[in-house]
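Naming convention: chains lettered A, B, ... in sequence-line order (proteins, then strands); numbering from 1 in each chain. The figures that follow rest on heavy atoms only: side chains count, while hydrogens, waters and symmetry mates do not.
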Amino acid sequence: MNLIEELRWRGMVQDIMPGTEEQLLKEMTTAYVGFDPTADSLHIGSLVPILLLVHLQRAGHKPLALVGGATGMVGDPSFKAEERRMLDLDTLARNQAGIKAQLERFLDFDPSKPNAAEMVNNFDWFRDISFLDFIRDVGKHITVNYMMAKDSVKRRIEGDSGMSFTEFTYQLIQGYDFYHLYTAKNCKLQMGGSDQWGNIVTGTELVRRKANGEAFAFTCPLMKKADGTKFGKTEKGNVWLDARLTSPYTFYQFWFNAADADAENYIRIFTLLDKAEIEELIATHRQTPEQRLLQKRLAKEITIFVHSEKDYEFAVKASELLFRNDTADVLQSLTESQLLDVMDGVPQVEVNAADLSAGKDIVTFLADTAILPSKSEARKMVQNGGISINKLKVEGIEKVVDTTLLLNQKYILIQRGKKNYYLVTVK
RNA sequence: GGGCAGGUUCCAGAGUGGCCAAAUGGGGCGGACUGUAAAUCCGCUGUUUCGACUUCAUAGGUUCGAAUCCUAUCCUGCCCA
């Protein structure tokens, strides 16, 4: 299977420019994907473009990862209802560094290889371009009519919040990136999410008009969930690749909880397992969906890919303890190191020994420890039966939290809802 | 620059002087059921020492009383120039 066939089978090709497949078969091709420095870590939404680069490199081509230092200063309006808030320069610099460090993990940057991955930052070439130069050299080639016709900006043009000129410029800036990489690094292909199609095509257009060259592109469908909700979010927000922002346990749980219909797509997109193995897994899963074999395998593969084998094992161990039903007794019998092992990655909360020996009512306790944001929410949660201590449900708001509840003389396990755990440690 | 229409709680969107912490829908959270699923059903969804307190773009004002009326400012959309 060639690269495009492989990606097609995995469901990773949405739009493709004619000639792209031929180009990839003809020679080692340099291709790039852009990453937005909106945070100092990538999240699992970025995993799809990362995997595009991984597949590309495995197929013998040369991947470029572009960090959008310049584009991040402007903000991509594509399909967004409202303008994004601007990031200050320090934040951007920090974010770029964080993202760069993460990408290094997934791609082979060994310079001795002909198709070594490279990292580029578009701030490096935009820094020295003046506004006048830009509008004369680049703006001349693209009409406003062309730019406005893009679906990606339609929502903003027709909507009721407007679009600033800054944002409107975005597609030209991104388009120029492609032109620059084409001339500087012989980069002939851009990939990205399908929401980037408009921006990408502006780039190929610039390459054609300004450099009289031919550039190619394809996009990958945006991740969607079968129930139509947004991919990549949990109750707590984004699922990040950085273990400090999303623990490996939470990360593992995210994939483990994938709906059946989604898991079949995810395993093709997010793992590098081959076709035969994936088809077999799916077939088995359809027969016994309640065993969640597909989700387990999916979660395993990605957790190891993004974190490590060790992190994966912890996550499994913790999941078993936290989700088995009869574990109130087991919990009591754990030694301190066993407990800490399993709770690795569960948010930890500290509390004063003095406070606890005096005893605190459950509502105050939950609010003080910030497990719930306010007393009224804490009260409602307890009254709804949403709080458990050491795997035992709290029956009413009269419940007092004191030292009698301590596990190993220093821990209390608080559970909010079914899936949210907090380990309270006495200081 | 001119005219018109707007800015309401997470979102959409009611409310045009007291009955408004503010309808309804969505989303979110919790519970039951389950496969740590989907669907369904139920509860909650500004804060609180439960007496109150702070909210309806911002700042002033009228009134016993304002999200609702007045003035100024900021922002957005549409139309005209």
Taking only the [atom1] atom of each, what is the distance from [N] to [M] in whole angstrom?
N      : M      : atom1 : result
U68(B) : A21(B) : P     : 14 Å
A57(B) : C42(B) : P     : 34 Å
U9(B)  : G15(B) : C1'   : 13 Å
C53(B) : A14(B) : P     : 31 Å
U36(B) : A52(B) : C1'   : 42 Å
U54(B) : A67(B) : P     : 12 Å

Nucleotide opposite [N] in a Watson-Crick or G-U pair, distances under 3.5 Å:
N      : answer
G30(B) : C42(B)
A5(B)  : U76(B)
U62(B) : none
U36(B) : none

> Do NZ/NE/NH1/NH2 and the carboxylate oxygens of Glu205(A) and Arg208(A) come within less than 4.0 Å?
Replying inline: yes
> Using 4.0 Å as the upper bound for N to carboxylate O, is an ion pair formed by Arg268(A) and Glu264(A)?
Replying inline: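 Judged by the 4.0 Å cut-off on N to carboxylate O distance, Glu264(A) and Arg268(A) do not form a salt bridge.
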>> List the residues meeting side chain to side chain contact (heavy atoms under 4.5 Å, CB included) with Ala65(A), not counting sequence neighbours, and say none if there are none.
In response: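 Expected list: Phe35(A), Leu53(A), Leu103(A), Met119(A).
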Side-chain N or O of [X] less than 4.0 angstrom from OP1 or OP2 on [N]?
X         : N      : value
Arg379(A) : U49(B) : yes
Arg416(A) : C29(B) : no
Asn257(A) : G35(B) : no

>> Within the 4.0 Å heavy-atom criterion, would you say Gln253(A) contacts the bases, only the backbone, or no part of the nucleic acid?
In response: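 Since a base atom lies under 4.0 Å of Gln253(A), the category is base.
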>> By the 4.0 Å heavy-atom rule, please label Lys296(A) as base, sugar-phosphate, or nothing.
In response: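 No contact.
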> Ring centres of Tyr252(A) and Phe314(A) under 6.0 Å apart?
Replying inline: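 Centroid distance Tyr252(A)-Phe314(A): not below 6.0 Å, so no.
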>> Are Phe134(A) and Phe131(A) an aromatic pair, judged by ring center distance below 6.0 Å?
In response: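 Centroid separation for Phe131(A) and Phe134(A): 6.0 Å or greater.
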> When you match Ser319(A) and Gly386(A) each to their closest nucleotide on RNA chain B, which lands nearer the 5' end?
Replying inline: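 Nearest-nucleotide comparison on RNA chain B picks Gly386(A).
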>> With a 3.5 Å cut-off and heavy atoms only, can you find an N or O donor on one side and an acceptor on the other between the side chain of Gln295(A) and the base of U36(B)?
In response: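 Looking at the base of U36(B), it does not pair with any donor or acceptor on the side chain of Gln295(A) (distance under 3.5 Å).
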> With a 3.5 Å cut-off and just heavy-atom distances, do the side chain of Lys418(A) and the base of U34(B) make a donor-acceptor pair?
Replying inline: yes
> In whole Å, what is the span from the CD atom of Glu290(A) to the P atom of U34(B)?
Replying inline: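 These atoms are roughly 14 Å apart.
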